[in-house]
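Just below is one structure, and these are the notes that go with it.
Naming: A, B, ... by sequence-line order, numbering from 1 per chain.
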Number of protein chains: 2
Amino acid sequence: MPYTYTHPHPAVTTDIVVFTVETQALKVLLIRRKGPPHEGQWALPGGFVRIDESVDACAVRELEEETGLKGIYLEQLYTFGDPDRDTRERVISVAYYALVPLQGLELRSGTDAADAAWWTVGGLPVLAFDHGRIVTMARARLTAKMEYSTVGLLFMPDSFTLSDLQGLYETVSGRPRDKRNFRKWILSLDVVEETGERKAEGAHRPAMLYRMKTPGNVKIIK
Amino acid sequence: MPYTYTHPHPAVTTDIVVFTVETQALKVLLIRRKGPPHEGQWALPGGFVRIDESVDACAVRELEEETGLKGIYLEQLYTFGDPDRDTRERVISVAYYALVPLQGLELRSGTDAADAAWWTVGGLPVLAFDHGRIVTMARARLTAKMEYSTVGLLFMPDSFTLSDLQGLYETVSGRPRDKRNFRKWILSLDVVEETGERKAEGAHRPAMLYRMKTPGNVKIIK
DNA sequence: CCGTGTTAGTGTCAACCATACACAAACAGG
DNA sequence: CCTGTTTGTGTATGGTTGACACTAACACGG
């Protein structure tokens with residue numbers, strides 16, 4: 001069933017930069033392309049916007065379809081609209097980025113493990129289309145947002161230690177942080193609270209466990 | 001000549017929030033719609049993305065076509081993609097915002113004066129489509145950016161006094177500023193320089209004129 | 001059971017930055 | 001030459017940020 005217009009229309013997709021932090025490294029989810037163009041190359045998860053769904057809803061749906069992840073923090077990043085982004089037809093991509101916590105790492109069971117993988121940013125392969133550019137911009141936005149909001153907490157599992165949290169901030173934003181100053185800072189923001197439990201691991205003093213006061217909520221600082 | 005696709009495609013437009021500052025007020029350029037839908041209502045300037053031009057280029061072109069303004073600061077704002085934004089067909093809008101200096105206020109000679117006008121933000125009429133939402137977001141972005149960059153300078157004519165500049169900052173970001181502190185601050189940023197000329201107007205001490213060191217350049221602060 | 005190694009947890013002081021604040025200088029006009 | 005008006009300038013204070021070192025709690029091995 002063909003669809004006909006009096007003027008040419010572009011196709012519109014969403015592409016999603018899914019970030020997580022694992023083993024002291026910021027990682028991005030990539031999918032190996034199964035068809036042309038760029039067959040076999042790594043690309044961002046994403047897909048075409050359906051005619052009756054909002055662009056936001058498309059991003060949510062694609063994220064779930066390709067990764068099985070639901071209820072994840074998702075924010076629009078930027079729209080990429082160069083006419084030759086895609087060789088098949090004119091495609092405009094609305095890019096989003098998502099942050100998933102350490103614990104929700106299970107990828108969609110349906111997908112072959114070889115076709116979806118977490119890559120450390122900084123060691124990325126050449127990506128399909130202009131997806132390299134998209135990742136670069138997403139990374140810049142994320143590091144900027146780490147400085148003036150509490151997005152960093154979204155990478156954390158339900159409960160965590162302040163040392164874990166400090167480690168996360170250091171790996172994502174690069175910058176090392178002083179232990180005492182970091183703790184003063186994060187506690188003064190009034191966004192985490194003690195769970196009352198301790199995490200005993202290894203031959204040393206056990207650490208207090210914390211949780212977000214309002215899970216999923218992002219606070220803008222200053 | 002019809003254009004046919006195997007899947008339905010949305011139309012894509014750009015809409016532009018053009019800001020200026022005039023007589024102590026932040027203003028937005030609005031155009032009265034000449035055809036349905038929302039005929040006669042006020043709306044943002046903008047139009048459909050052509051199939052062979054980039055989305056950025058479309059914004060530049062529309063800005064020039066509808067206002068005659070060229071070489072203006074223009075930045076992508078956000079993409080609005082709700083399925084029922086437009087009653088005619090599915091339309092996704094990539095919104096931009098632009099800042100024009102006081103001196104370049106001449107609107108396109110072709111346009112009837114009654115059909116294009118500067119409106120003070122805060123006193124806007126009900127706008128067509130979701131353009132009200134777009135303006136709100138643009139305003140938020142602008143005030144935020146005033147705090148951590150030198151975008152404010154883009155509203156200034158080629159030469160200006162520091163008092164003028166302070167007045168501009170006060171009207172755009174609301175917040176009043178201390179005269180001495182403002183001058184210390186702006187001078188420490190190293191973005192303006194004295195022209196050597198003075199502006200004598202009225203029965204009082206003439207003010208030193210300044211200009212941007214690198215016109216059109218926006219510096220990120222801190 | 002005691003010593004060792006390892007991470008958790010805590011306060012103070014100095015440097016820097018942001019803010020508040022008042023008066024002389026330069027001009028036009030009467 | 002007096003008045004009214006806007007320009008232009010420095011200092012002191014309070015708050016914020018950043019540097020810095022030792023004790024607490026535990027597991028393990030001897």
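- If you take NZ of A/Lys199 and P of C/dT7, they are 12 Å apart, rounded to a whole angstrom.
- In this structure, B/Phe80 and B/Tyr78 have perpendicular ring planes: the angle between them is above 60°, well past the 30° mark.
- With B/Tyr169 as reference, B/Trp185 is the one residue of B/Phe160, B/Phe155, B/Trp185 to meet the ring pair (Phe, Tyr, Trp, His ring centres under 6.0 Å) rule.
- Between B/Leu187 atom CG and D/dG10 atom P the separation is 12 Å, expressed in whole Å.
- A straight line from CG of B/Leu165 to P of D/dG8 spans 12 Å, rounded to a whole angstrom.
- B/Arg183 has its CZ atom 18 Å from the P atom of C/dA20, to the nearest Å.
- What separates CD of B/Glu194 from P of D/dG8 is a distance of 8 Å, to the nearest Å.
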Run the numbers on B/Glu147 and B/Arg175 for salt bridge (Lys or Arg N to Asp or Glu O under 4.0 Å), then give the verdict.
CA-CA 11 Å; B/Glu147 300 295 323; B/Arg175 181 159 73 89; 2.8 Å; yes
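- Listed nucleotides C/dA8, D/dG10, C/dG5 differ in distance to A/Ala203; the shortest reach to its side chain belongs to C/dG5.
- In this structure, the CG atom of A/Asp178 is 16 Å from the P atom of C/dC13, given to the nearest Å.
- Rounded to whole Å, the distance from CZ on B/Arg177 to C1' on D/dG8 is 19 Å.
- More than 12 heavy atoms of other residues, nucleotides or ligands sit less than 6.0 Å from atom CD of B/Glu193.
- When rounded to the nearest whole Å, the span between CZ of A/Arg198 and P of D/dC26 equals 7 Å.
- The local environment of CD in B/Glu170 is crowded, with over 12 non-hydrogen atoms from other residues, nucleotides or ligands closer than 6.0 Å.
- Between C/dA20, D/dC26, C/dA22, one nucleotide has an atom nearer to the side chain of B/Asn181 than all others, and that is C/dA20.
- For the pair A/Ser163 and C/dT7, the criterion of a side-chain N or O lying under 4.0 Å from OP1 or OP2 is not met.
- The side chain of B/Arg205 sits closest to D/dT7 out of D/dT7, C/dA22, D/dT5.
- Heavy-atom distances to DNA chain C give each of A/His204 and A/Leu162 a nearest nucleotide, and the one nearer the 5′ end belongs to A/His204.
- Across all strands, A/Thr161 comes closer than 4.0 Å to no nucleic acid atom at all (heavy-atom distances).
- Heavy-atom nearest nucleotides on DNA chain D were determined for A/Lys179 and for A/Arg175, and the one closer to the 5' end corresponds to A/Arg175.
- Nucleic acid contact class of B/Lys184 (heavy atoms, under 4.0 Å, all strands): base.
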